[in-house]
Student: 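First the structure, which I've put down as structure tokens, then a few questions once you've had a look.
So you know, we letter chains A, B, ... as the sequences are listed, proteins then strands, and number each from 1.
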There are 2 protein chains.
Amino acid sequence: MKKGSKREEIINTAALLFRKRGYTATSVRDIAREMGMEASSLYNHIASKQEILNHLLLSIGQLFSEGMKDIKTSPLNSIQKLERLVDMHVRLTIEHTDAISLIPNEWIHLEAPAIKNFLVLRDEYEKEFTAIVSEAIDQSYVKEVNIELAVFSILSTLRWLYSWYSKNKSINPIELETEMRKCLIDGLRISEHTV
Amino acid sequence: MKKGSKREEIINTAALLFRKRGYTATSVRDIAREMGMEASSLYNHIASKQEILNHLLLSIGQLFSEGMKDIKTSPLNSIQKLERLVDMHVRLTIEHTDAISLIPNEWIHLEAPAIKNFLVLRDEYEKEFTAIVSEAIDQSYVKEVNIELAVFSILSTLRWLYSWYSKNKSINPIELETEMRKCLIDGLRISEHTV
DNA sequence: GTCTATAAGTCGATAGAC
DNA sequence: GTCTATCGACTTATAGAC
């Protein structure tokens, strides 16, 4: 496993601590202790604690934006795009568990102007997600539901998947994608027509 | 609207601030400012900041436990119980939005022994929730899915509902229950047999 | 690039006057 | 029950020696 720069090590260490204790409750000294150095030494590699949070959230936000763009511009139909979105969340959750854990809550500790950049990225992502669900309804792949609530429901689970994955790392990624599509798109109930 | 005691006012004010800024980033002085008094005066009504968090999380946990007990011991069948659980989350979210917002993340800031009490309540609740889904599968109301992942998926959305509701308070509660049951149990996809 | 020392401020909580 | 004053610990971040 290739080792990153010391800066990257610090950022990854911070991500783990931010996930476990929260951004505010994690001190620069905590990060330094975990790195085996003094707090002041960290400042040779990072500008501030805030910069770490900013970097983590905006870089993971970029990954989601790029993934969304690829799926949106693909030749897949709307329901296939929806399935690919679920798969992308599963894959990014497995690859960037700690950074992703900051998305639901810790973004509130971003300062201006970083917080605005993050919220713009998030809003754009949700709009594009909503457009795909809307298209799936128009094309009769999906039932007529409250679209905003359906998108919220799917994204809530996908954004929290990191907490489930943290405790179940041995699951096969393909199986996780399959199960998530069942839970989020297909539904649990056995329809009366097929019983 | 009946006004509570000053202690209750403080706790409700703290809940709102904890939701918006997080427990750690909310100072006792912040709570006092919102109450229009000095920080030291709060201590005539509460023992500590930690006591507020403890009270909020354990009292809301009690409400869920009691609701679960009522549903579990009811004469409903398993799929009806599952629907009632969704309804209960919706109702408690509407009635206790701020306190419920602390469940996904802020419990990590509980100290011993309160944190253990909270986690015992939560684990019991999840076990009983899982048992009901399991029963629904055995009785062929629900498809054969990864039970733990399905429960996680449903609870993720229900625990995050407070954030959607905070921005959409005008929705009719009955409609919200109906839509959540569709998203979480029935599924979005139109099955091939019914098209 | 790492250290020691420290600045400048905030934290939760308490003492004691009124 | 509310206030002013304050304690001691902790916070992020910087200065400067090596």
Student: From CZ of B:Arg33 over to C1' of C:dC11, roughly how many Å is that when rounded to an integer?
Tutor: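 My rounded result for the distance is 13 Å.
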Student: Show me, pair by pair, the donor-acceptor contacts under 3.5 angstrom made by side chains of residues 108-119 of chain A, not counting sequence neighbours?
Tutor:
residue	atom	partner	partner atom	Å
A:His109	ND1	A:Glu106	OE1	3.4
A:His109	NE2	A:Thr24	OG1	3.2
A:His109	NE2	B:Arg21	O	3.2

Student: Can you tell me the distance, in whole Å, between the NE2 atom of A:His45 and the C1' atom of D:dT14?
Tutor: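 Going from NE2 in A:His45 over to C1' in D:dT14 covers 16 Å.
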Student: Could you tell me how far apart B:Leu42 (CG) and D:dT4 (P) are, to the nearest whole angstrom?
Tutor: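 Those two atoms, CG and P, are 14 Å apart.
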Student: side-chain contact (heavy atoms from CB on, under 4.5 Å) with B:Ser78: which residues, sequence neighbours excluded?
Tutor: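 Listed in chain order: B:Glu135, B:Ala136, B:Gln139, B:Tyr141.
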Student: Could you run through nucleotides 13-18 of chain C and give me one letter per nucleotide, 5' to 3': B if any protein heavy atom sits under 4.0 Å from the base, S if only the sugar-phosphate is that close, - if neither?
Tutor: BBB---
Student: Hey, could you give me each pair passing ring-ring contact (aromatic ring centres under 6.0 Å, His included) that has a residue in residues 41-85 of chain A? Not counting sequence neighbours.
Tutor: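 Every pair satisfying ring-ring contact (aromatic ring centres under 6.0 Å, His included) with a residue in residues 41-85 of chain A: A:Phe64-A:His89, A:Phe64-A:Tyr125.
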Student: Mark yes when over 12 heavy atoms from residues, nucleotides or ligands other than B:Arg189 sit less than 6.0 Å from its CZ; otherwise mark no.
Tutor: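 Enclosed: over 12 neighbouring heavy atoms sit under 6.0 Å from CZ of B:Arg189.
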Student: Could you give the CD-to-P distance, from A:Glu38 to D:dA13, as a whole number of Å?
Tutor: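 Roughly 17 Å, once rounded to whole Å.
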Student: Rounded to whole Å, please give me the gap between NZ in B:Lys6 and C1' in D:dC3.
Tutor: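 Rounded to the whole Å, the gap is 13 Å.
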Student: Quick check with a 6.0 Å cut-off and a 45 degree axis cone: is B:Arg159 positioned over the face of A:Trp160's six-membered ring?
Tutor: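 Pair B:Arg159/A:Trp160 does not count as cation-pi.
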Student: Who pairs with B:Arg19 by side-chain hydrogen bond (donor to acceptor under 3.5 Å, both in side chains), at least two apart in sequence or on another chain?
Tutor: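 Residues passing side-chain hydrogen bond (donor to acceptor under 3.5 Å, both in side chains) with B:Arg19: B:Asp98.
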Student: More than 12 heavy atoms of other residues, nucleotides or ligands under 6.0 Å from NZ of B:Lys72: yes or no?
Tutor: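 Check fails, neighbour count at 12 or below.
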Student: Check each residue of residues 107-115 of chain B for a non-hydrogen atom within less than 4.0 Å of any atom in DNA chain C, then write out the ones that pass by number, or none.
Tutor: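 Within this stretch, nothing sits under 4.0 Å of the strand.
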Student: Check this one for me: any side-chain N or O of A:Ser41 less than 4.0 Å away from OP1 or OP2 of C:dG1?
Tutor: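 Negative; the distance criterion is not met.
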Student: Scan A:Thr26 against the nucleic acid and name what it touches under 4.0 Å (heavy atoms): base, sugar-phosphate only, or nothing.
Tutor: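 Touches sugar-phosphate only.
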Student: Could you give the CG-to-P distance, from A:Asp30 to D:dA13, as a whole number of Å?
Tutor: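 Those two atoms, CG and P, are 14 Å apart.
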Student: Identify whether the distance between the nearest side-chain nitrogen and carboxylate oxygen of B:Asp87 and B:Arg181 falls below 4.0 Å.
Tutor: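 B:Arg181 and B:Asp87: salt-bridged.
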Student: What is the distance, rounded to the nearest whole Å, between atom CG of A:Leu17 and atom C1' of D:dT11?
Tutor: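 These atoms are roughly 16 Å apart.
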Student: Between the side chain of B:Lys81 and the main-chain N/O of B:Val133, is any donor-acceptor distance below 3.5 Å?
Tutor: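 Judged by distance alone, no pair lies under 3.5 Å.
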